[in-house]
Amino acid sequence: MTTVAIIDYGMGNLRSVAKAIEHVAPGHLVQVTSDPAVVAASDRVVFPGQGAMPDCMRELDLRGLRTAVLDAAASKPFLGICIGQQMLFDHSEEGEVAGLGILAGNVIRFREAEMLAADGARLKVPHMGWNEVWQAGPHPMWDGIPDGERFYFVHSYFVAPADEAVVAAQTAYGRRFTSAVARANIFAVQFHPEKSAHAGLRLLSNFIRWAP
Amino acid sequence: MLAKRIIPCLDVSAGRVVKGVNFVELRDAGDPVEIAKRYDEQGADEITFLDITASSDDRDIILHVVEQVADQVFIPLTVGGGVRTVDDVRRLLNAGADKVSINTAAVNNPQVVADASGKVGSQCIVVAIDAKQTAPGKWQVFTHGGRNNTGLDAIEWAQRVEALGAGEILLTSMDRDGTKIGFDLGLTRAVSDAVRIPVIASGGVGTLEHLAEGVSAGRADAVLAASIFHFGQHTVREAKELMRARGIEVRL
């Protein structure tokens, strides 16, 4: 039986992520876990996250999960979601905290000066709601998902990769920002596939079938 | 571009949807799961549940409702009604809610907004504001279904809850609620322009055109409605088609 581990480091509820994956992966064992051994033994790993990145980094280390995350990100299909994407990078402006450094680049906040819509209206932060995700190119994770499809976002910070080659999608909100990244066995998104109706379920289903 | 959101709102009492929902082909018109699924299929961007359970004995039933819906409907869920403490917020989030809306408790104890957003993040905390016009260009915050005037200025209160850590405001005009004559656009625009967090307009929707006005003239980020969708009068999809025809960005 294929196993999927959803890494739980005590930051918020992972029930929705687990239920959405169970929905698209009948017959798979989906485990929400804070046990490094379970993460290591799983075929696929989901790394979610919500709240503030400094708290997430602290809790991850308190539970002794850093090595398990680094190992999984280096070896098996790995899906980062929201703060779970941001934590893969070097550094975040949120609390000026260091990330895991798996991908080069920083996490930055939407700039007040850039938060203007085409009609002059002020754009709200957090960026909350359904926005278009423009794919940088083909990727097995985008299979069956139209370019420009809308996904559900809720965030105030986003990733700025140092290496353009890892950008898997962009989204416009005041500026264009990176809304998905991919490198080898890693795929990570700023939006919430578990809350993005059919498009989100399709992405999760692609992850279950992905063989990088 | 970010889409403007359409949010159907369901009143739930002791685990059942009340005030009636009248879709054709609905097996059980009181079942929150079945109704939520229907709205998801129609393209609702989120769903809001308002728990109006009167008996304190039945208060925990909403948790089971949220669990059941969240297991089968994969769009954001907001739950409000009777939320008083950070523990109430946490239990709803653990059951599967994405956002929790706080109303009277925020007025009685504004610190609960700061405590809750500090614990679970601003993105999970909605402050519901019920406002009534008291003079031209002036609105005050009311509680208890519009019976209690708190004396708070609605715009100042909106700015205060933003500063306390609210991630979103659900703004209801008590003058318009139930009237079907449209949103109070002056109120909606005044609050939306005064804060940097998203504002959901509520109260008074009777036609699809009213939804579009809430976004265009009212500058709301999202619009919430109940009866217009519940009785099969219009689908969420029809609402979005009308909004798109008015030049509003929607998810279709």
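Convention: sequence-line order gives letters A, B, ...; per-chain numbering from 1.
- If you tally non-hydrogen atom pairs under 4.5 Å between each of A197(A), G51(A), A172(A), P193(A) and chain B, the highest count goes to A197(A).
- Side-chain contact between Q72(B) and K19(A) is absent, with no heavy atoms from C-beta onward closer than 4.5 Å.
- Among all heavy-atom pairs drawn from P198(B) and P126(A), the shortest one is CG-O, 4.1 Å.
- At a threshold of 4.5 Å between non-hydrogen side-chain atoms, the residues V120(B) and Q50(A) do not count as touching.
- Rounding to the nearest 0.5 angstrom, the gap separating the CD1 atom in I75(B) from the OH atom in Y152(A) is 10.0 Å.
- Interface residue E112(A): only side-chain heavy atoms are found under 4.5 Å from chain B.
- S16(A) contributes atom OG, which lies 8.5 Å from atom CG of D71(B) (distance to the nearest 0.5 angstrom).
- With a 4.5 Å cut-off on non-hydrogen atoms, L14(A) does not touch chain B at all.
- Proximity to chain A (any heavy atom under 4.5 Å) is shown, for S122(B), by neither the backbone nor the side chain.
- With hydrogens and angles disregarded, a donor-acceptor distance shorter than 3.5 Å links the side chain of E132(A) to the backbone of M1(B).
- Here the OG-CD1 distance, from S156(A) to I197(B), works out to 11.0 Å after rounding to the nearest 0.5 Å.
- Looking at heavy atoms from C-beta onward, R15(A) lies out of side-chain contact with N94(B) at the 4.5 angstrom threshold.
- Heavy atoms of A52(A) lying under 4.5 Å from chain B are absent altogether.
- Between chain A and the residues R219(B), E168(B), K119(B), the most heavy-atom pairs under 4.5 angstrom are made by E168(B).
- Put simply, CD on E162(B) and NZ on K124(A) are 8.5 Å apart, with the number rounded to the nearest 0.5 Å.
- The line from CG of L2(B) to CZ of R150(A) is 7.5 Å long, rounded to the nearest 0.5 Å.
- Within residues 243-252 of chain B, the residues having any heavy atom closer than 4.5 Å to a heavy atom of chain A are E249(B), V250(B), R251(B), listed by residue number.
- Separation of atoms CZ (F74(B)) and CD (E194(A)) is listed at 10.0 Å; rounding is to 0.5 Å.
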Full working for side-chain contact (heavy atoms from CB on, under 4.5 Å) between R196(B) and V125(A): CA-CA 6 Å; R196(B) 292 163 193 205; V125(A) 177; over 6 Å; no
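- Looking at A222(B), neither its backbone nor its side chain comes within 4.5 Å of chain A, counting heavy atoms on both sides.
- Closest heavy-atom contact between R122(A) and D193(B): NH2-O, 3.5 Å.
- Environment of CZ in R90(B): sparse, with no more than 12 heavy atoms of neighbouring residues, nucleotides or ligands closer than 6.0 Å.
- Top candidate by heavy-atom pairs under 4.5 Å with chain A, chosen from E46(B), K4(B), Q123(B), E67(B), is E67(B).
- Interface residue H127(A): only side-chain heavy atoms are found under 4.5 Å from chain B.
- Few gaps surround CD on E96(A); more than 12 heavy atoms of other groups in view lie less than 6.0 Å from it.
- At a 4.5 Å heavy-atom cutoff, the contact between D45(B) and chain A is made by backbone and side-chain atoms alike.
- Contact check for R5(B) versus W130(A): side-chain heavy atoms found under the 4.5 Å cut-off.
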